[in-house]
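This report concerns only the one structure given below.
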Amino acid sequence: MLLEIKNLHAKVEGKEILKGINLNINEGEVHAIMGPNGSGKSTLAQVLAGREDYEITEGEVIYNGKNLLELSPEDRAREGIFLAFQYPVEIPGVSNTNLLKTAMNEIRKYRGQEALDAMEFLTLLKEKMKIVELDQSLINRSVNEGFSGGEKKKNEIFQMAVLEPQLSILDETDSGLDIDALRIVANGITKLKSDKNAIIVVTHYQRLLNYIIPDFVHVLYKGQIIKSGGKDLALELEDKGYDWLKVDKFQVTG
Amino acid sequence: MSITEQKKIEEIANADYKYGFVTDIDAITLPKGLSEDIIIKISEIKNEPKFLLEWRLKAFRHWQTMVEPDWANIHYQKIDYQDISYYSAPKEKPKLNSLDEVDPKLRETFEKLGISIDEQKRLSNVAVDAVFDSVSVATSFKETLSDLGIIFCSFSDAVKNHPDLIKKYLGTVVPYTDNFFATLNSAVFSDGSFVYIPKGVRCPMELSTYFRINAANTGQFERTLIIADEGAYVSYLEGCTAPRRDENQLHAAVVELITLDNAEIKYSTVQNWYPGDKDGKGGIFNFVTKRGVARGINSKISWTQVETGSAITWKYPSCILQGDNSVGEFHSVALTNNYQQADTGTKMIHLGKNTSSTIISKGISAGKSNNSYRGLVKVTKKADNARNFSQCDSLLIGDKCGAHTFPYLDINNSSAQVEHEATTSKIGEDQIFYLNQRGISTDDAIGLIVNGYCKEVFKKLPMEFAVEAQKLLGISLEGSVG
Ligand SMILES: Nc1ncnc2c1ncn2[C@@H]1O[C@H](COP(=O)(O)OP(=O)(O)OP(=O)(O)O)[C@@H](O)[C@H]1O
Ligand SMILES: [Mg+2]
C-alpha cells in the first residue's frame with residue numbers, strides 16, 4: 001500500500017479540524033475527495049504535505065512503509081509527495097525554471113542520483129511543457145507572480161509533470177480553469193497517471209472527474225469521511241448536493 | 001547559487017566568522033590619541049611634502065570645531081577619539097620588486113583571507129593593490145598598466161611620485177571641511193589607493209583593492225582617489241574583511257572619484273567586515289564618505305555596493321552630476337542581521353543639463369537588525385531636463401527587524417522628471433512552505449528568494465564579485481529563520 005491514513009486528528013489554533021480520517025490508497029489508484037466548504041479537504045492536503053501550523057493530536061500516516069509524520073516537508077517532497085496548492089504562492093525574483101531546477105536536483109540528490117546538466121534539464125522542461133500546453137514565457141517568469149488564476153493552476157500541474165511524484169494531491173486544481181484549459185489540464189494529469197503512482201483529487205465538481213476517472217470518491221464532512229463510493233457517487237452528489245448525506249450521518253451517529 | 005555551493009557556505013558560516021584571526025606581526029604603532037603632534041608624526045613617517053601636512057593640519061583644526069552627527073538612524077556608544085591609535089604599519093617596509101619578497105606572515109594572512117596575491121592564482125584579469133592595515137605591501141600587474149600610462153598605486157606612492165596630481169585633485173570632491181568623519185580622515189589618513197587613467201585609455205582589467213583592519217584599536221582611515229581623464233574608463237573593485245575583535249573598531253574612509261569629459265568610472269564594493277556576534281558585541285563601525293563628481297560632459301559614475309558586514313554602516317556613495325548629459329548610478333544591496341545597523345543610501349546632485357540618475361536600493365533585514373535607506377535627489381535651478389528614477393525595496397525576514405526609507409527630494413527646476421518607487425515585502429511562511437513542498441530546504445529557500453530579490457544589483461557586479469556577493473548573503477543569513 002502506498003498511503004495509509006489511520007484515525008488522523010489535527011487541530012489548528014485550538015480548533016480540531018480533522019476528526020479521525022481513515023483512508024487507504026494503493027499504487028495506480030485515483031481517489032476523489034469532495035465535501036462542502038470548510039470541511040477540511042485542504043487541511044488534510046496540507047497536513048500530508050507537512051505544514052507545521054497544524055498540530056497532529058492523534059493517529060498515524062504510513063507512506064511507503066515510512067512514518068510520514070516524522071519527515072520534514074522537504075523530505076516528504078523528496079520521497080515523492082506533491083501538493084498542487086489550492087492557492088499557489090507567488091515568489092517574486094525566483095524564476096519558474098530556477099525553482100524547478102533546484103527542486104529537481106535536490107530530489108535527485110536525496111535519491112542518490114546525479115544532478116541533471118543544463119541541457120538535459122531544458123530538454124525535460126520542453127517535453128513537459130507540452131503535456132499541459134504551458135506557454136514558454138511562463139517558465140522564465142517569477143513563480144506565479146502576476147499569473148492569472150488559471151495560469152497558476154496550470155503551472156502547478158506543469159511542476160507535477162516535471163517532478164514526477166509518486167503521490168500527487170491536487171487541491172481544487174480545476175477551479176479557475178476555463179473550459180478548454182480544464183480539458184487540457186485534466187488530459188495532462190491523465191497522461192501522468194500510471195500503475196506506479198497515485199492521485200488524490202480534491203474537487204467540488206463532477207466535470208473534472210469526467211476526464212480523470214476516479215476509482216474511489218470520498219465525502220469529507222466536518223473533518224471525517226462520511227461516505228465512500230465509486231465514481232457514481234460524484235454524479236449523485238452533483239445531483240443531490242450534500243444534505244442527504246448529512247442526514248444519513250446524523251442517523252448513523254444519532 | 002547552486003545548492004552545493006550553498007552547503008559549502010553553510011559550513012563556513014558554522015565555523016563562525018572565518019576571517020576572525022589576528023596576524024602576529026610587529027607593528028609601528030603610534031600612541032593613542034589625536035593632536036597636532038600626532039599628525040606631524042604621521043606626515044613625517046610618511047615623508048610627505050609640506051602641502052599635504054598643512055592640509056592635514058587645516059583639517060584637524062577644523063575637526064576640533066565640529067560635533068559628531070547624530071541624525072542617522074543608528075545608535076552606538078560614543079566613540080572616544082583619544083582612545084584610538086591613528087597609525088599602525090608593519091615594521092619593516094622593504095622596497096619590493098616582486099611578490100616573493102613579501103613577508104611570509106603577511107602572505108599567509110592573505111591566503112587565509114582567500115586573497116591570493118600570487119599572480120598564477122589570481123583571477124586572470126584582476127590587479128590587486130593589497131592594503132595591510134595602513135600601508136600597501138604589494139602591487140601586481142603594475143607593468144601592463146604602466147605601459148598604458150595608467151597609474152595604480154598606494155596613496156603614499158602617489159604622493160611621492162605624482163604630487164602634482166594629488167595637489168590638483170585631493171579634496172576637490174570631498175573637501176576637508178565636508179563632514180565630521182571625512183574631516184577626521186583628512187587629518188589622519190594613513191594610506192589607500194590612487195588611480196589615474198589617462199586620456200582615451202580604457203583600463204583593460206578590473207582594478208581591485210582589499211582592505212583589512214588588523215592591529216587592535218587602530219582606526220582605519222583609508223583615502224582613495226580615482227581620476228578618469230577625458231574619454232577614459234575604469235572599473236574598480238573594493239573588497240573588505242576584518243578580523244574579529246571585541247572592542248568596536250572605527251573605520252572612516254574617504255573615496256573621491258572624478259570623471260572628465262566622456263569618461264566613466266564604475267566603483268564596486270563588497271563589504272563583509274566583522275558585524276559583531278549574535279548578541280551585538282564587537283564589530284566594525286563603518287563611517288564612510290564616498291563621492292564622485294562627473295565633471296565632464298557625457299561622463300558617468302556608477303556605484304555598486306553589497307554591504308553585509310559591520311556593526312554600524314553609515315555610508316552614502318553620491319554623484320555630483322556637473323557636466324551636461326552626465327549620468328549617475330547607485331545600485332545597492334544592504335543586508336543586516338542580528339544587531340547590525342545600517343543607514344545607507346545615496347545623493348544625486350543634478351547641476352548640469354540633461355543629467356540623469358538611477359537609484360536601485362535593496363535592503364534586507366533579519367534578526368533584530370535595523371536597515372535604513374536615506375537618499376537625496378537634488379535638482380538645481382540650471383539643471384534643465386534632469387531625470388531621476390529611484391527604486392527602494394525592503395525585504396524583511398522575521399518580525400523583530402526594522403526597515404526604514406527616508407527619500408528626500410529637492411527639486412528647483414520644473415523640467416525635472418523624478419520617479420520614486422518603494423516596496424516592502426516579507427519572506428512569508430507560505431513562500432517557504434511552498435518551496436519546502438517542492439523539496440527545497442528552508443535555508444536554500446531563503447537563499448533562492450534573497451538572491452532573486454537582489455538579482456538586479458548583482459547583475460551590475462563583475463562576475464567573480466557577483467558570485468562572492470551571493471555567497472556572502474548566504475553566510476550572513478544562515479539560520480535566520482526557524
Ligand atoms: N490556519 C488556520 N487557522 C484557522 N482556521 C483554519 C486554518 N486552516 C484551516 N482553518 C479552518 O479549518 C476549516 C477547514 O478548512 P479547509 O481549508 O481545510 O476547508 P476546505 O474543505 O478545503 O474548504 P474549501 O472547499 O472552501 O476549500 C475551516 O473552517 C477553516 O476556516
Ligand atoms: Mg480547500
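Model, not experiment: these values are computed from the prediction. Each chain gets a letter, A, B and so on, in the order the sequences are listed, and its residues count up from 1.
When the candidates A/Arg78, A/Gln159, A/Arg51 are compared by the number of heavy-atom contacts under 4.5 Å with chain B, A/Arg51 comes out ahead. Most heavy-atom pairs under 4.5 Å with chain B: of the set A/Met104, A/Lys101, A/Glu52, A/Glu156, this distinction falls to A/Glu156. Residue with the most contacts toward chain B among A/Glu74, A/Glu79, A/Gln46: A/Glu74 (heavy-atom pairs, distance under 4.5 Å). Chain B forms the most heavy-atom pairs under 4.5 Å with one residue out of A/Asn105, A/Ile107, A/Leu99, A/Asp75, and that residue is A/Leu99.
The two residues B/Asp430 and A/Val89 make their nearest non-hydrogen contact at O-CG2, 3.8 Å. The nearest pair of heavy atoms linking B/Ile449 to A/Val94 is CA-CG2, 3.8 Å. Contact record, B/Phe433 with A/Pro73: CE1-CB, 4.1 Å, taken as the closest heavy-atom pair. When all heavy atoms of A/Glu106 and B/Gly439 are compared, the pair lying nearest together is CB-O, 3.4 Å. Contact record, A/Pro92 with B/Gln431: CD-NE2, 3.6 Å, taken as the closest heavy-atom pair. Here the shortest heavy-atom pairing between A/Ala77 and B/Asn436 reads CB-O, 3.8 Å.
Proximity to chain B is limited to the backbone of A/Glu90, based on heavy atoms less than 4.5 angstrom apart. With a threshold of 4.5 angstrom between heavy atoms, A/Arg76 does not approach chain B through any atom at all. With a 4.5 angstrom heavy-atom cutoff, A/Ile81 touches chain B via backbone and side-chain atoms both. Proximity to chain B is limited to the side chain of A/Leu163, based on heavy atoms less than 4.5 angstrom apart.
With values rounded to the nearest 0.5 angstrom, A/Ile91 atom CD1 is found 3.5 Å from B/Leu435 atom CG. The distance from the CZ atom of A/Phe82 to the CZ atom of B/Arg438 is 3.5 Å, given to the nearest 0.5 Å.
Contact annotation: the side chain of B/Tyr434 approaches that of A/Asn144 to within less than 4.5 Å [non-hydrogen atoms, C-beta and beyond]. Looking at heavy atoms from C-beta onward, A/Asp53 lies in side-chain contact with B/Glu429 at the 4.5 angstrom threshold.
Atom NZ of B/Lys347 sits in a sparse spot, with 12 or fewer heavy atoms from other residues, nucleotides or ligands closer than 6.0 Å. Heavy atoms of other residues, nucleotides or ligands lying less than 6.0 angstrom from CZ of A/Arg141 number more than 12.
Of the possible polar contacts, none joining the B/Gln437 side chain to the A/Ala49 backbone as a donor-acceptor pair under 3.5 Å is found.
For the salt bridge (Lys or Arg N to Asp or Glu O under 4.0 Å) test, no residue two or more places apart in sequence or in another chain qualifies with A/Glu29.
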